[in-house]
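Because the structure is a prediction, the values reported are computed rather than measured. All heavy atoms count here, side chains included; hydrogens, waters and symmetry mates do not. Chain letters run A, B, ... following the sequence lines, proteins first, then strands; residues in each count from 1.
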There are 2 protein chains.
Amino acid sequence: METQPKSTYNIPAEAALDVLGGKWKTLILCHLSYGSKRTNELKKAMPGITQKMLTQQLRELENDGIIFRTVYNQVPPKVVYEMTEVGESLKGILDQLCEWGEKFIQGQFPKTKKSTPNGAL
Amino acid sequence: METQPKSTYNIPAEAALDVLGGKWKTLILCHLSYGSKRTNELKKAMPGITQKMLTQQLRELENDGIIFRTVYNQVPPKVVYEMTEVGESLKGILDQLCEWGEKFIQGQFPKTKKSTPNGAL
DNA sequence: CGGAATCCTGCACGATACTG
DNA sequence: CAGTATCGTGCAGGATTCCG
């Protein structure tokens, strides 16, 4: 009966992965790191994502205090997402991720394979 | 008929996420960033992972040239995984991930929720 | 000990349609 | 335009068993 209460992380990174671990979350944050964006802008930036997933992942990021949501009460609704301070603290990681991805694409690295579809970082 | 051939990334980070996007990959890399490890050591470091997933994710990382696998031909088999140079180039990101996770755990950030189990960065 | 193969399940995610 | 609700499903991933 000494089971750990619940979410005891074996390594701090797990906590980060809990937050960033959605299929699209990291990607969304990357886009938001360039500046606030409307829902539709995000959708266009990520052609593969569905409306449902977008909203869902955004909600979770919001609940985790990573992003902030602003609703403009006007007739064609307008909703803007932007990073919170906590979110900003992730910028370093996100930037590096992009940089690294660039290098990887440029084939600096030999094998460019792919397998696990799964999700998101 | 102008469909993009295949994996055309809208943003370089997607390439990185392709590589790190497995459910356990980032976590595995975090552990390996501290030094090479045997299969069993990794397993112990990640109580939640199954043998199957461990092997699978390791294979993919290997195919992507992120880690290197050494097999010792001895009777109780011994297999050691370590980061390649390409893998090493991820250390910065992995470290920051840990750091950030630590801060997040320490409750510097108010809401500590969780939802999408899914996977991995 | 490390891994491959098989079977099975759940839930993450997609598609669609509807509101304000 | 933004979001919710519902339904259906694939495939990621778990459990188990066998092999070198």
Distance in angstrom units between B/Leu54 CG and C/dA4 P, rounded: 11 Å
What is the distance from CG of A/Leu58 to P of C/dC13, rounded to the nearest Å? 14 Å
Please report the distance, rounded to the nearest Å, between CH2 in B/Trp24 and P in D/dG13. 9 Å
Would you mind reading off the distance between A/Glu60 atom CD and D/dT4 atom C1', rounded to a whole angstrom? 15 Å
Non-neighbouring partners of B/Glu14 that pass side chain to side chain donor-acceptor pair (under 3.5 Å), sequence neighbours left out: B/Asn10
Can you tell me the distance, in whole Å, between the CD atom of B/Gln74 and the P atom of C/dC1? 12 Å
Would you say a side-chain N or O of B/Arg69 is under 4.0 Å from OP1 or OP2 of C/dG2? no
With a 4.5 Å heavy-atom cut-off, do A/Pro12 and B/Glu99 have their side chains touching? no
Return the nearest nucleotide to the side chain of B/Lys23; candidates are D/dG14, C/dC13, C/dG3. D/dG14
Minimum heavy-atom distance B/Cys30-B/Leu94, with the two atoms named: SG-CD2, 4.0 Å
Taking atom P of C/dC11 as reference, at what distance in whole Å does atom CD of A/Gln57 sit? 17 Å
Of all the heavy-atom pairs spanning B/Cys98 and B/Tyr34, show the shortest one and how long it is. SG-OH, 3.6 Å
Quick one: bend of the helix from C/dC1-D/dG20 to C/dG20-D/dC1 from 5 pairs per end, to 10°? 50°
Which residue is it: B/Leu32, B/Thr84, B/Ile66? I am looking for the one with a side-chain contact (heavy atoms from CB on, under 4.5 Å) to B/Leu61. B/Ile66
Consider only side-chain N and O atoms of A/Thr55 and A/Gln51, and report whether a donor and an acceptor are under 3.5 Å apart. yes
Between D/dA2 atom C1' and A/Met53 atom CE, what is the distance in whole Å? 17 Å
So which atom in A/Leu54 and which in A/Met46 form the shortest heavy-atom distance, rounded to 0.1 Å? CD1-CE, 4.0 Å
Where do B/Leu97 and A/Ala16 come nearest, in terms of heavy atoms and distance? O-CB, 3.5 Å
Heavy-atom closest pair (B/Lys25 atom, B/Val19 atom, distance to 0.1 Å) is CD-O, 3.1 Å
Could you pull out all residues at least two apart from B/Glu88 that satisfy salt bridge (Lys or Arg N to Asp or Glu O under 4.0 Å)? B/Lys91
Taking only N and O in the side chain of A/Lys43, is any of them less than 4.0 Å away from OP1 or OP2 of D/dA2? no
Show every salt bridge (Lys or Arg N to Asp or Glu O under 4.0 Å) that has at least one partner inside residues 30-51 of chain B, sequence neighbours left out. none
Between D/dA2 atom C1' and A/Lys44 atom NZ, what is the distance in whole Å? 13 Å
How would nucleotides 15-20 of chain D be written as a contact map, 5' to 3', with B for base contact, S for sugar-phosphate-only contact and - for no contact, using protein heavy atoms under 4.0 Å? B----B
Does anything in residues 30-41 of chain A reach DNA chain C, meaning a heavy atom under 4.0 Å, and if so which residues? none
Would you mind classifying the nucleic acid contact of B/Tyr81 as base, sugar-phosphate or nothing, using non-hydrogen atoms under 4.0 angstrom? sugar-phosphate
For a quick test of reading the model, state the closest non-hydrogen atom pair linking A/Tyr81 to A/Leu42 and the distance between them. CD1-CD1, 4.2 Å
